[in-house]
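Everything below concerns the one structure shown next.
Numbers restart at 1 for each chain; the letters A, B, ... are given by sequence-line order, proteins then strands.
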Amino acid sequence: MDYILPYVPESIKSIPTHMDFDGQKRAERYFQIIILAFAAVGFACGYITQFFSHTVYILFAGVIISSLLTLFPWSTYRKQPLAWQPARSADGKSPAPAVTGGSQSKGKKKKLKD
Amino acid sequence: MNSFTSRLNSLFAFTLSVMAALTFGCFLSTVLNDHLRPVQLSVGKVSVKNVPDYSADRDRSDLGFITFDLFTDLSPLYNWNVKMLFLYLTAEYKTKDHDLNQVVLWDKIVKRGENTILDFRKTNTKYYFWDYGNGLKGNENVTLSLRWNVIPNAGTLPNVKGLGSQVIRFPDQYTAGRF
């Protein structure tokens with residue numbers, strides 16, 4: 001991956017690949033519900049036709065659908081980003097008073113020396 | 001859940017657990033079946049010879065010979081939890097040396113989807129009917145029965161005896177010459 005990174009165009013490198021915490025929670029909930037629903041439907045269909053292979057095929061269809069919906073970082077999973085502190089300048093002073101309460105007690109951020 | 005591979009791992013593990021639960025459900029749906037069917041059995045020629053068994057002791061042992069007729073319909077035994085039935089025809093009898101002798105004379109595998117109505121006429125046995133000793137001559141109570149072993153998709157593999165058997169009487173004299 002490192003060898004091709006300089007050759008990848010910026011439009012592709014800038015595609016976001018992360019999910020929010022809330023998005024992760026929703027993605028997990030969605031795939032659990034989709035797979036369980038297809039499993040229940042598949043079990044009923046398999047019992048009616050008396051072929052267990054039908055149950056497994058319907059479950060696999062559910063797995064593919066839920067994979068497409070929840071494995072990829074769609075933008076709906078980035079709708080609740082974290083409220084980060086505003087960035088501080090190099091001498092450790094923040095550019096403006098902090099907006100959220102409780103940040104004053106955090107104290108000065110440690111700076112990494114280059 | 002913060003990368004594609006961690007979500008993939010989580011989804012895959014969840015799918016496997018769900019599939020295990022579905023398989024257990026398939027087993028539960030058939031656990032109370034009794035797998036019984038009526039079987040019609042009859043025999044044609046019955047004879048016995050006394051010949052050395054070269055694969056055993058080289059003493060002369062009784063070798064029985066029968067031809068049989070078999071008719072049964074096994075289709076109600078097949079459900080979504082049955083892969084195949086392993087059928088075997090057994091002869092059971094008592095001799096003065098051993099209380100219980102069981103010999104398998106013929107077997108057949110019937111997979112799900114194959115023809116389940118069995119109609120065999122004047123069929124030869126597949127395997128030799130050897131006795132350990134000389135217990136077949138004049139034996140009046142050799143019971144022939146068809147049994148099957150149910151091979152499931154999930155669960156136990158019971159051995160079941162079919163409803164219906166045939167008692168064979170072996171003659172008092174050995175048969176000379178070829179069968």
Side-chain angles (χ1 to χ4, degrees), chain A residues 1 12 15-82, chain B residues 1-37 73-86 110-117 148-158:
Chain A
M1 269 301 274
I12 294 185
I15 296 177
T17 58
H18 65 278
M19 281 188 186
D20 293 334
F21 288 134
D22 176 74
Q24 292 171 24
K25 182 183 89 170
R26 279 168 41 227
E28 180 158 4
R29 178 83 13 199
Y30 291 166
F31 81 63
Q32 285 171 348
I33 292 187
I34 293 176
I35 290 181
L36 281 178
F38 273 82
V41 166
F43 191 82
C45 288
Y47 186 78
I48 290 170
T49 65
Q50 285 289 301
F51 278 102
F52 191 65
S53 51
H54 294 177
T55 301
V56 176
Y57 295 155
I58 292 177
L59 179 74
F60 279 173
V63 167
I64 296 201
I65 290 180
S66 65
S67 303
L68 291 174
L69 288 178
T70 66
L71 286 187
F72 299 104
W74 304 116
S75 67
T76 156
Y77 299 121
R78 287 193 291 275
K79 285 291 186 259
Q80 279 198 27
L82 288 174
Chain B
M1 302 296 290
N2 52 357
S3 69
F4 180 85
T5 43
S6 74
R7 287 189 292 271
L8 179 67
N9 178 34
S10 185
L11 191 150
F12 177 62
F14 185 74
T15 303
L16 287 185
S17 303
V18 167
M19 218 174 322
L22 288 178
T23 310
F24 185 68
C26 178
F27 155 67
L28 281 184
S29 71
T30 60
V31 70
L32 298 175
N33 291 3
D34 62 6
H35 314 285
L36 290 174
R37 289 297 293 160
D73 178 13
L74 298 173
S75 23
L77 293 179
Y78 287 87
N79 53 54
W80 67 332
N81 198 20
V82 173
K83 280 172 70 172
M84 63 173 89
L85 292 181
F86 180 79
V110 181
K111 292 193 205 161
R112 189 159 185 224
E114 288 177 1
N115 185 23
T116 54
I117 299 181
W148 44 86
N149 190 5
V150 182
I151 314 289
N153 278 321
T156 61
L157 286 76

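With a 4.5 Å cut-off on non-hydrogen atoms, A:L59 touches chain B through its side chain but not through its backbone. Of the atoms belonging to B:N79, heavy atoms from both backbone and side chain fall under 4.5 Å from chain A. For B:T23, the parts sitting under 4.5 Å from any heavy atom of chain A are the backbone and the side chain alike.
In this structure, A:F52 CZ and B:K83 NZ are separated by 12.0 Å, a value rounded to the nearest 0.5 Å.
The interface of residues 5-12 of chain B with chain A, defined by heavy-atom distances below 4.5 Å, comprises B:R7, B:L8, B:S10, B:L11. Proximity to chain B at a heavy-atom threshold of 4.5 Å picks out A:Q32, A:I35, A:L36, A:A39 from residues 32-42 of chain A, in numerical order.
Most heavy-atom pairs under 4.5 Å with chain A, from the set B:L22, B:V18, B:N153, B:V82: that is B:L22.
Residue pairs meeting the side chain to side chain donor-acceptor pair (under 3.5 Å) criterion with at least one partner in residues 59-81 of chain A, sequence neighbours excluded, are A:R26-A:T76.
With sequence neighbours excluded, the residues forming a side-chain contact (heavy atoms from CB on, under 4.5 Å) with A:Y47 are A:Q50, B:S29, B:W80, listed by chain and number.
Taking a 6.0 Å sphere around OH of A:Y57, one finds it holds 12 or fewer heavy atoms contributed by other residues, nucleotides or ligands.
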